[in-house]
Number of protein chains: 2
Amino acid sequence: MSALSDPAEHLALALTQGGMQRMTARVLAALLFTEQDTLTAGEIAESLTISSGSVSTALKALVSVGLIEKVPAPGSRREHFRFREGAWATLMSEQNQLVKVMREAAEQGIAVTGRDSAAGRRLAEMRDFYDYLWRELPALIDHWKAHR
Amino acid sequence: MSALSDPAEHLALALTQGGMQRMTARVLAALLFTEQDTLTAGEIAESLTISSGSVSTALKALVSVGLIEKVPAPGSRREHFRFREGAWATLMSEQNQLVKVMREAAEQGIAVTGRDSAAGRRLAEMRDFYDYLWRELPALIDHWKAHR
DNA sequence: TCGAATCTTCAGAGAACTTTGAAGACTGCG
DNA sequence: CGCAGTCTTCAAAGTTCTCTGAAGATTCGA
């Protein structure tokens with residue numbers, strides 16, 4: 001591994017802690033740290049020394065959540081991939097889905113326990129908190145996009 | 001499993017998706033959904049049908065991140081635990097640490113690639129985004145606390 | 001339409017993580 | 001001071017998840 005790879009692996013580790021799968025995180029880091037504008041699946045597999053199968057799976061996942069994009073490469077048999085503009089804001093929005101799930105879990109709980117029980121009161125606080133985040137986080141991200 | 005347990009398990013699942021370990025999430029959900037004010041380790045083990053060892057580990061983790069608290073119970077041999085006021089804001093703050101790690105990973109990358117390379121420019125955008133979150137998220141949480 | 005290069009899928013091997021259960025430590029009561 | 005009840009720790013078993021590699025599908029050029 002070159003000196004360049006070390007911080008890339010460090011980043012991949014951070015992404016993993018945030019819930020991303022290991023190989024997916026490494027592929028994303030490779031696309032972030034390369035000096036080229038785009039990379040092919042083959043190039044990524046070679047530079048990370050992983051199977052083409054793993055690369056394929058990772059690329060598929062990254063494209064589906066909007067963190068990278070497939071770049072049309074006329075006259076080439078290979079698919080080219082590129083780290084996407086504003087990908088970080090996209091990633092944040094993804095995580096925001098979890099906020100929604102938490103709010104819904106609280107709501108569901110209240111429906112069963114009732115509003116006036118001890119559990120109901122705890123759940124109401126939870127629901128209010130995640131409701132607040134669900135309303136405020138998108139604005140925060142939008143503000144970033146505008147500010148940039 | 002009673003009807004009450006179902007939404008509790010659903011919540012536990014959501015917490016797991018957010019990175020919490022399974023048993024830890026289930027224990028937290030048990031403390032959230034109970035009608036009692038506090039629960040003992042034994043009560044939790046029995047209601048979830050898991051080993052006392054798992055409960056012990058989970059409780060230790062939850063106390064250490066400030067989501068629950070040990071309640072002094074005079075005249076009782078058992079330890080009592082309670083879901084903590086404002087726990088959700090605490091949980092959010094925990095996750096905020098990840099933002100810090102991401103920012104630092106970007107910084108580290110820039111230090112190696114230089115500011116004027118293609119990778120350096122991508123990393124700078126990343127660093128700026130997480131820097132922004134790192135500054136704004138605490139304010140968002142404080143605002144919630146005040147508003148409550 | 002055929003062939004070569006590249007990508008995708010998937011079953012199985014292996015690694016990593018969870019959970020348990022038993023042994024030991026601690027606490028407070030008698 | 002000893003005992004009963006409760007909690008904690010840790011090695012081992014079980015389970016889950018990840019990664020690979022080979023076979024199949026797809027795409028482009030001739």
Side-chain angles (χ1 to χ4, degrees), chain A residues 1 5 8-9 12-31 34 36 38-65 67-82, chain B residues 1 5 8-9 12-31 34 36 38-65 67-82:
Chain A
M1 297 259 163
S5 308
E9 289 294 334
L13 190 65
L15 287 164
T16 300
Q17 288 175 349
M20 191 176 288
Q21 297 195 345
R22 204 175 107 79
M23 287 298 134
T24 306
R26 292 185 73 201
V27 168
L28 185 62
L31 284 163
T34 182
Q36 302 175 222
T38 65
L39 289 178
T40 66
E43 287 169 334
I44 295 169
E46 189 182 11
S47 74
L48 296 178
T49 332
I50 60 180
S51 74
S52 60
S54 293
V55 174
S56 179
T57 304
L59 288 173
K60 189 177 166 190
L62 289 169
V63 167
S64 82
V65 298
L67 289 176
I68 67 173
E69 58 194 352
K70 199 179 285 194
V71 180
S76 166
R77 220 163 289 169
R78 306 181 180 186
E79 304 275 20
H80 288 244
F81 294 88
R82 179 203 293 160
Chain B
M1 295 258 164
S5 307
E9 290 294 334
L13 191 66
L15 287 164
T16 299
Q17 287 174 346
M20 192 177 286
Q21 298 198 343
R22 203 174 107 79
M23 286 298 136
T24 306
R26 293 185 71 202
V27 167
L28 185 62
L31 283 163
T34 181
Q36 302 176 220
T38 64
L39 290 177
T40 67
E43 287 171 335
I44 295 169
E46 189 183 12
S47 74
L48 297 178
T49 331
I50 60 180
S51 73
S52 60
S54 292
V55 174
S56 179
T57 304
L59 288 173
K60 189 178 164 188
L62 289 169
V63 168
S64 82
V65 298
L67 288 175
I68 67 173
E69 58 193 351
K70 198 179 288 195
V71 180
S76 167
R77 222 164 289 170
R78 306 180 181 186
E79 303 275 20
H80 288 243
F81 294 88
R82 178 203 293 159

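By convention in this document, chain letters (A, B, ...) are assigned in the order of the sequence lines, proteins followed by strands, and residues within each chain are numbered from 1.
In this structure, Arg22(B) places its CZ atom 18 Å from P of dG14(D), rounding to the nearest Å. Note: CD1 (Ile44(A)) to C1' (dT20(D)) measures 17 Å, nearest angstrom. Counting to the nearest Å, the P atom of dT19(C) and the CE atom of Met20(B) are 13 Å from each other. Rounded to an integer number of Å, the gap from Phe81(B) CZ to dT6(D) P is 14 Å. Here the P atom of nucleotide dC7(C) and the CG atom of Leu39(A) are 12 Å apart, to the nearest Å. At whole-Å resolution of the value, CD in Glu79(B) and P in dG5(D) are 18 Å apart. Following rounding to the nearest Å, Ile50(A) (CD1) and dG14(C) (P) show an atom-to-atom distance of 20 Å. For the pair Glu46(A) CD and dT6(C) P, the computed distance is 12 Å after rounding to whole Å.
An OP1 or OP2 oxygen of dT19(C) is reached within less than 4.0 angstrom by no side-chain nitrogen or oxygen of Ser54(B). Residue Gln21(B) has a polar side-chain atom (N or O) positioned under 4.0 Å from OP1 or OP2 of dT18(C).
Here the straight-line distance linking atom CG of Leu67(A) with atom CG of Leu28(A) works out to 6.0 Å at 0.5 Å rounding. Here NZ of Lys70(A) is found 5.0 Å from CZ of Phe81(A). Values are rounded to the nearest 0.5 Å.
Taking a 4.0 Å limit (strictly below) on heavy-atom distances, residues 55-65 of chain B does not reach DNA chain C anywhere.
No side-chain donor-acceptor contact under 3.5 Å links Thr34(B) to the backbone of Leu31(B).
Under the 3.5 Å distance criterion, with hydrogens and angles disregarded, no donor-acceptor pair is assigned to the side chains of Thr57(B) and Ser54(B).
Here the options are Arg82(B), His80(B), Glu43(B), the test is side chain to side chain donor-acceptor pair (under 3.5 Å), and the partner is Thr38(B); only His80(B) passes.
Residues Ala58(A) and Val27(A) approach most closely at CB-CG2, 3.7 Å, considering heavy atoms.
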